[in-house]
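Note on naming: letters A, B, ... go to the chains in the order of the sequence lines (proteins, then strands), and numbering restarts at 1 for each one. Heavy atoms only: backbone and side chains are in, while hydrogens, waters and symmetry mates are out.
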Amino acid sequence: MNYINLKLPDDSIMQVKKGTTVQEVAYQISPRLAKDAVCGRYNGDLVDLQYPINADGTYSVVTIDSPEGIDVLRHTTAHVMAQAVLRLWPDAKLAIGPTIENGFYYDFDLGHSITPEDLETIEAEMHKIIADDLPVKRFEVSKDEAAQLFKERNDNYKLELIADLDNEVSIYQQGDFFDLCRGPHLSSTGRIKAFKLLSVAGAYWRGDDSKPMLQRIYGTAFFKKSDLDAYLKRMEEAKKRDHRKVGRELELFVLLEEGPGFPFLLPKGMELRNTLIDFWREEHKKAGYLEISTPIILHQNLWHRSGHWDHYKENMYFTKIDGEDYAIKPMNCPGGMLVYKNKMHSYRDLPLRLGELGLVHRHELSGVLHGLMRVRNFTQDDAHIFMLPEQIKDEITDLIAFIDKFYSVFGFKYHMELSTRPENSMGSDEDWEVATNALKAALEENGYEYILNEGDGAFYGPKIDFHLEDCLGRTWQCGTIQLDFQMPERFDLTYVGQDGEKHRPVMIHRVVFGSIERFIGIIIEHFAGAFPTWLAPVQVRVIPIAQGHHEYATVVADQLSGKGIRLEIDQRNEKLGYKIREAQMQKIPYMLIVGDQEKENNSVAVRSREEGDLGTVSLDEFTDNIAEEINSKTL
RNA sequence: GCCCUUGUAGUUCAGUGAUAGAACAAUUGCCUCGUAAGCAAUGAACGUAGGUUUGAUUCCUACCAAGGGCUCCA
């Protein structure tokens, strides 16, 4: 009898008979482990439970509570869904069916348009397949054999996939269904306990808009019903704080048919925006920035010169003035270049930091517009920093700390990504290398962790992007630092060095919020509309109990607004409970209830949005407290 | 831009081949009120343009807009 040695995760060696399956090994370690086993990891590769181990190697069990385990479950669920779809519509052709972050999808090509109602029918069919507890089997075949199989099913998508593969191809089969798949899979369909089909959507074959449009069904699956329910509940939560819904309810902004992708900010949204901008200006002044403003419409020659005509034309809007061609700016940089060129600069002036809250317009495809998150015009909190080459690293180091300061105020966590040279870009390889290395050095020498995105840079230079994470764990790209050797070259920017000669400065483009509008959308969802007091468009609502208290309410209001506090008085002829409910729904941080007692003692009864009735304090005390809260930007 | 779904009052949602209904909001009146909805009355809508039909908000077509999706490779 042959024995083999398996190295387990705790570095111990286990001896088993040659040919023992992954499942059996797990059972020998512990029956409990075998019960929770989804598949195994043998010599680093994921393998099915039925996989027989024939040689020494490392071994570990993948269980239902690991990310890989859930992935396998979802993958098998995708196969079951494909099987159900084929039973219902035998002429369907299968494209791809991978797992994604929170579930899976499968793309189909079929004549019938799948409707949301069909999802229930498909689910019912899937439940039958699960109830039958069909064993899932793996076969390894040659490419030609595989091609033969899918030719019979007339499935040109799979044939295309097979053509791209190496010699050995694996097929998974359950009942009458088989699919091309790398695996691994659950051992049988009965192990699927909790799944749900979520939506149908169109998707191009291989994401290419010149290829046929397929029908994609999204779904998700979990090992426990309670996990599925928790996931669905989290989705509901996210829906409740959707910035489009909250923005309407709190009267922050609107999007109208008259301006698709062009948001209107309402008075309260404008308060929010102005508060953000005040904060931005204050910090930028402290950090040595000067502020400029450049025109929205500029002559087309400028855009030829900047390279936008060649690289960004598709996203730009154009207009004619006095017979000349003009363009509406999609970016602020060319205007910034002209400001720099307006006078001579000495090396002593550098780094020169020019900030601009610039309104840019970009033509985005109609199908991608989304609330404030994806729009056709937005305000960038831009800045262009001109400096000596030897100042790059320090400047970037300072910038990272600067951006960090902003995000901390909102309680956002974030991570950074470094993007390198894309196709269709400008400049020499050497410039790109120098620029990329400077960014890398600033990150690495300061001990920052980052993700590398090859080929994802801007057309004029590499960049560091900041992805912040909101309270639901979703990430949003906001800040970015982009190094640019091209623009100074194209605009022939110079400074006079110590030697009295002209030299070429290096430039950084950077934003902190990214788009002010989008940042507003993000914080709406992050705070679910319940903004910290310093940001809240209305910080206090004074609520007189009855009409006899209106006069004192005005006294209270005058004192507070004298300190710059934003407030409203609710003088409607309604009951106290009614007014409180409404203020509560408007998520106003503080309600000040004033009646006879308060009037007598020059006090206010404070009710907080979060904690309810806080009791009575003197008007002066409340004024001091809230001023301090606003000043410190307490979360 | 492309695919699917959806457009009814300020908002959320009913509904019908012939008279379009509710709740909340708004306005007005009554109640003068102590911590999440007092009572009543009133005004207010079928996205746009064609077509089918005796008759269309409803069925059909086009357009406009909104929602989901179009990177995550068997």
In the strands shown, is [N] matched to any nucleotide by a Watson-Crick or G-U wobble pair with both distances under 3.5 Å, and which?
{"N": "B:G21", "answer": "B:C13"}
{"N": "B:U32", "answer": "none"}
{"N": "B:G1", "answer": "B:C70"}
{"N": "B:A41", "answer": "B:U27"}

At under 4.0 Å between heavy atoms, what does [X] touch on the DNA or RNA strands: base, sugar-phosphate, or nothing?
{"X": "A:Lys579", "value": "nothing"}
{"X": "A:Ala605", "value": "base"}
{"X": "A:Gln215", "value": "nothing"}

Whole angstroms only, please: what is the [atom1]-[atom2] distance between [X] and [N]?
{"X": "A:Ile543", "N": "B:A36", "atom1": "CD1", "atom2": "C1'", "result": "11 Å"}
{"X": "A:Leu614", "N": "B:A36", "atom1": "CG", "atom2": "P", "result": "13 Å"}
{"X": "A:Tyr578", "N": "B:U32", "atom1": "OH", "atom2": "P", "result": "19 Å"}
{"X": "A:Glu582", "N": "B:G38", "atom1": "CD", "atom2": "P", "result": "11 Å"}
{"X": "A:Ile545", "N": "B:G38", "atom1": "CD1", "atom2": "C1'", "result": "16 Å"}
{"X": "A:Glu600", "N": "B:G34", "atom1": "CD", "atom2": "C1'", "result": "15 Å"}
{"X": "A:Lys211", "N": "B:C2", "atom1": "NZ", "atom2": "C1'", "result": "15 Å"}
{"X": "A:Glu574", "N": "B:C31", "atom1": "CD", "atom2": "C1'", "result": "11 Å"}

Separation of the [atom1] atoms in [N] and [M], to the nearest angstrom:
{"N": "B:U61", "M": "B:C70", "atom1": "C1'", "result": "26 Å"}
{"N": "B:C73", "M": "B:C59", "atom1": "C1'", "result": "44 Å"}
{"N": "B:U27", "M": "B:A65", "atom1": "P", "result": "33 Å"}
{"N": "B:A25", "M": "B:C39", "atom1": "P", "result": "10 Å"}
{"N": "B:U58", "M": "B:U19", "atom1": "P", "result": "13 Å"}
{"N": "B:A22", "M": "B:C46", "atom1": "C1'", "result": "16 Å"}
{"N": "B:U16", "M": "B:U57", "atom1": "C1'", "result": "9 Å"}
{"N": "B:U8", "M": "B:C2", "atom1": "C1'", "result": "29 Å"}

Ring-plane angle category for [X] and [Y], please: parallel below 30°, perpendicular beyond 60°, tilted otherwise.
{"X": "A:His363", "Y": "A:Tyr317", "value": "perpendicular"}
{"X": "A:His467", "Y": "A:His415", "value": "parallel"}
{"X": "A:His370", "Y": "A:His243", "value": "tilted"}
{"X": "A:Tyr42", "Y": "A:Tyr51", "value": "tilted"}

Of A:Asp613 and A:Glu364, the one whose nearest nucleotide on RNA chain B sits closer to the 5' end is A:Glu364

Per nearest nucleotide of RNA chain B, the residue lying toward the 5' end, A:Leu365 or A:Met585, is A:Leu365

For this session: Return yes if the base of B:A36 and the side-chain atoms of A:Arg609 contain a donor-acceptor N/O pair under 3.5 Å, otherwise no.
Result: no

Decide if atom [atom1] of [X] counts as having more than 12 heavy atoms of other residues, nucleotides or ligands within a radius under 6.0 Å.
{"X": "A:Glu449", "atom1": "CD", "result": "no"}
{"X": "A:Glu120", "atom1": "CD", "result": "no"}
{"X": "A:Lys143", "atom1": "NZ", "result": "yes"}

Of the candidates B:A37, B:A36, B:G34, the side chain of A:Glu598 sits closest to B:G34

Per-nt protein contacts along nucleotides 64-72 of chain B (heavy atom under 4.0 Å; B base, S backbone sugar-phosphate only, - none) come out as SSSSBBBSB

Quiz item: Going by distance alone, is a donor N or O of one side chain under 3.5 Å from an acceptor N or O of the other, for A:His549 and A:Asp596?
Solution: yes

A:Trp309-A:Phe318 aromatic ring centre distance below 6.0 Å
yes

